[in-house]
Amino acid sequence: MSIVEKLPLVCFPHAGSGTLYYSKWKFALSDGIDFRVVQYPLREQRANTPMPASLPLLARDIFTELVDSFRGTYAIWGHSMGSIIGYEVAKLCQQRLDNPPLMFFTSGSAAPCDRGFTSVSDLDTQEGIRRVLREYGGLSEENLADPDFMNFFAPIIGGDLRLLGGYQDLAFAQLQCPMVVMKGRDDRVVTDQWQRYTEFPVETTEFDGGHFFVEERRPEVAAFMESKIQLMWQRKRASVS
């Protein structure tokens, strides 16, 4: 049984990233999924939009801009920093629309109560930013050694990581939806606190790869998420029929 109408899967990119990085994902998903990538300030079509002063303020701006995407049935997926932004947006959907996501997917991210980035002082110099980027992976040494690339990219990644470094949630507001935690077997991120953020049992699934396993294993991860969405969508339709 397939999804009859398109169901939005709203993707929240990782720090420093944008819509272009995730553009191939729509081809990995079936026509039943309406894949939508959130665009943050300081990049692409929003290059001249200033970054809000805090991560919750960024989430509020995203919610206001994309509120129509959250009025019906939808799912959320965030990778790394995107998981935290996605959680903050999902909270707003729940609080203001009384409409939590059908499912919440997080990948490569610690829970909101765990500080996800503690090296803010490293962002003051390009060499410090290079050290941070080497630790996370995902960029080649050629990129890191390219002055033009770094001059362009450093303000973007620096702005994102400063937001993440200033964020920590200790309110533990629970989402009223199932949550799936995805992680790379070689990733050092600790994900065990996510259970505190949902009323449902958390499902944790591991994939081969490191922090950017979602790109290394794109077809596998896409098929996995789509199967979970289809199952929950079928259950929801059956419960109201």
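Among pairs with a residue in residues 140-157, those fulfilling salt bridge (Lys or Arg N to Asp or Glu O under 4.0 Å) read Arg134-Glu141, at least two apart in sequence or across chains. For residues 150-160, every residue pair satisfying the side chain to side chain donor-acceptor pair (under 3.5 Å) rule, not counting sequence neighbours, is listed here: Arg43-Asp160, Gln126-Asn151. The stretch residues 97-113 participates, sequence neighbours left out, in these side chain to side chain donor-acceptor pair (under 3.5 Å) pairs: Trp77-Ser107, His79-Ser107, Ser83-Thr106. A salt bridge (Lys or Arg N to Asp or Glu O under 4.0 Å) check over residues 190-203, counting only residues at least two apart or in different chains, returns the pairs Glu203-Lys228.
Scanning both residues, Leu163 and Met81, for their nearest heavy atoms gives CB-CE, 4.4 Å. Among all heavy-atom pairs drawn from Leu144 and Met150, the shortest one is O-CG, 3.4 Å. The minimum heavy-atom distance between Ile33 and Ile229, with the atom names listed, is CD1-CG2, 4.1 Å. In terms of heavy-atom proximity, Thr19 sits nearest to Val38 at CG2-O, 4.3 Å. When every heavy atom of Asp114 is checked against every heavy atom of Gln193, the shortest pair comes out as OD2-CG, 3.5 Å. Heavy-atom minimum distance, Gly82 versus Tyr40: CA-OH, 3.7 Å.
Inter-residue side-chain proximity for Tyr167 and Pro56 is flagged as met; some heavy-atom pair is nearer than 4.5 Å. When side chains are defined from C-beta on, Val189 counts as touching His211, because their heavy atoms get closer than 4.5 Å. In this structure, Pro112 and Trp194 have side chains that are in contact, with non-hydrogen atoms separated by less than 4.5 Å.
With rounding to the nearest 0.5 angstrom, the OG1 atom of Thr49 is 8.0 Å from the CG atom of Leu42. Rounding to the nearest 0.5 Å gives a distance of 11.0 Å between CZ of Arg188 and CG of Asp186. The structure places CG of Leu175 at 12.0 Å from CE of Met103, a figure rounded to the nearest 0.5 Å. Between the CG atom in Leu161 and the CD1 atom in Ile157 there is a gap of 4.0 Å [rounded to 0.5 Å]. Atom CZ of residue Arg130 and atom CG of residue Leu139 lie 11.5 Å apart, to the nearest 0.5 angstrom. Taking CG of Leu55 as the start and CD1 of Ile85 as the end, the distance is 5.0 Å to the nearest 0.5 Å.
Evaluation of the side chain to side chain contact (heavy atoms under 4.5 Å, CB included) rule for Ser23 yields Leu20 as partners, not counting sequence neighbours. Shown here are the side chain to side chain contact (heavy atoms under 4.5 Å, CB included) partners of Thr73, two or more places apart in sequence or in another chain: Leu7, Leu102, Trp233, Lys236. Shown here are the ring-ring contact (aromatic ring centres under 6.0 Å, His included) partners of Phe70, two or more places apart in sequence or in another chain: Tyr74. Judged as a side chain to side chain contact (heavy atoms under 4.5 Å, CB included), and not counting sequence neighbours, the contacts of Ala173 are Tyr87, Lys91. Checked against ring-ring contact (aromatic ring centres under 6.0 Å, His included), Phe153 has the following partners two or more places apart in sequence or in another chain: Phe149. By the side chain to side chain contact (heavy atoms under 4.5 Å, CB included) test, Asp208 is found to be paired with Arg185, Arg217, residues two or more places apart in sequence or in another chain being considered. With sequence neighbours left out, the salt bridge (charged side-chain N to carboxylate O under 4.0 Å, His left out) criterion links Asp124 to Arg162.
Of the possible polar contacts, none joining the Glu88 side chain to the Leu57 backbone as a donor-acceptor pair under 3.5 Å is found. The main-chain N or O of Tyr197 is never found under 3.5 Å from a side-chain atom of Gln174 such that the two would form a donor-acceptor pair. Glu44 places no side-chain N or O within donor-acceptor distance of the main-chain N or O of Gly18, the cut-off being under 3.5 Å. Put simply, the side chain of Gln176 never gets that close to the backbone of Pro100: no donor and acceptor are under 3.5 Å apart. Judged by distance alone, the side chain of Thr205 and the main-chain N or O of Met182 form no donor-acceptor pair under 3.5 Å. In this structure a side-chain-to-backbone donor-acceptor pair under 3.5 Å is missing from Tyr22 to Ser17.
Counted within 6.0 Å of CZ on Arg131, heavy atoms from surrounding residues, nucleotides or ligands total more than 12; the atom is thus considered enclosed. When the shell of 6.0 Å around CZ of Phe200 is examined, it contains more than 12 heavy atoms from other residues, nucleotides or ligands.
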Apply the test side chain to side chain contact (heavy atoms under 4.5 Å, CB included) to residues Trp25 and Val221: give CA-CA distance (whole Å), side-chain angles for both, the deciding distance (0.1 Å), then the verdict.
CA-CA 10 Å; Trp25 279 85; Val221 175; 3.9 Å; yes
Between Thr198 and Phe104, does a side chain to side chain contact (heavy atoms under 4.5 Å, CB included) hold up when you go through it step by step?
CA-CA 9 Å; Thr198 176; Phe104 183 91; over 6 Å; no
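By the rule that hydrophobic residues join a cluster once side-chain heavy atoms approach within less than 4.5 Å of another member, Leu97 and Phe12 end up as members of one cluster. If you chain together hydrophobic residues whose side chains sit under 4.5 Å apart, Val214 and Val190 never meet in one group.
The aromatic rings of Phe213 and Phe207 lie parallel to each other, their planes meeting at an angle below 30°, with 60° marking the opposite boundary.
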Contacts under 3.5 angstrom, residues 58-67 side chains, donor-acceptor by atom type, not counting sequence neighbours:
| from | atom 1 | to | atom 2 | distance (Å) |
| --- | --- | --- | --- | --- |
| Thr64 | OG1 | Arg60 | O | 3.0 |

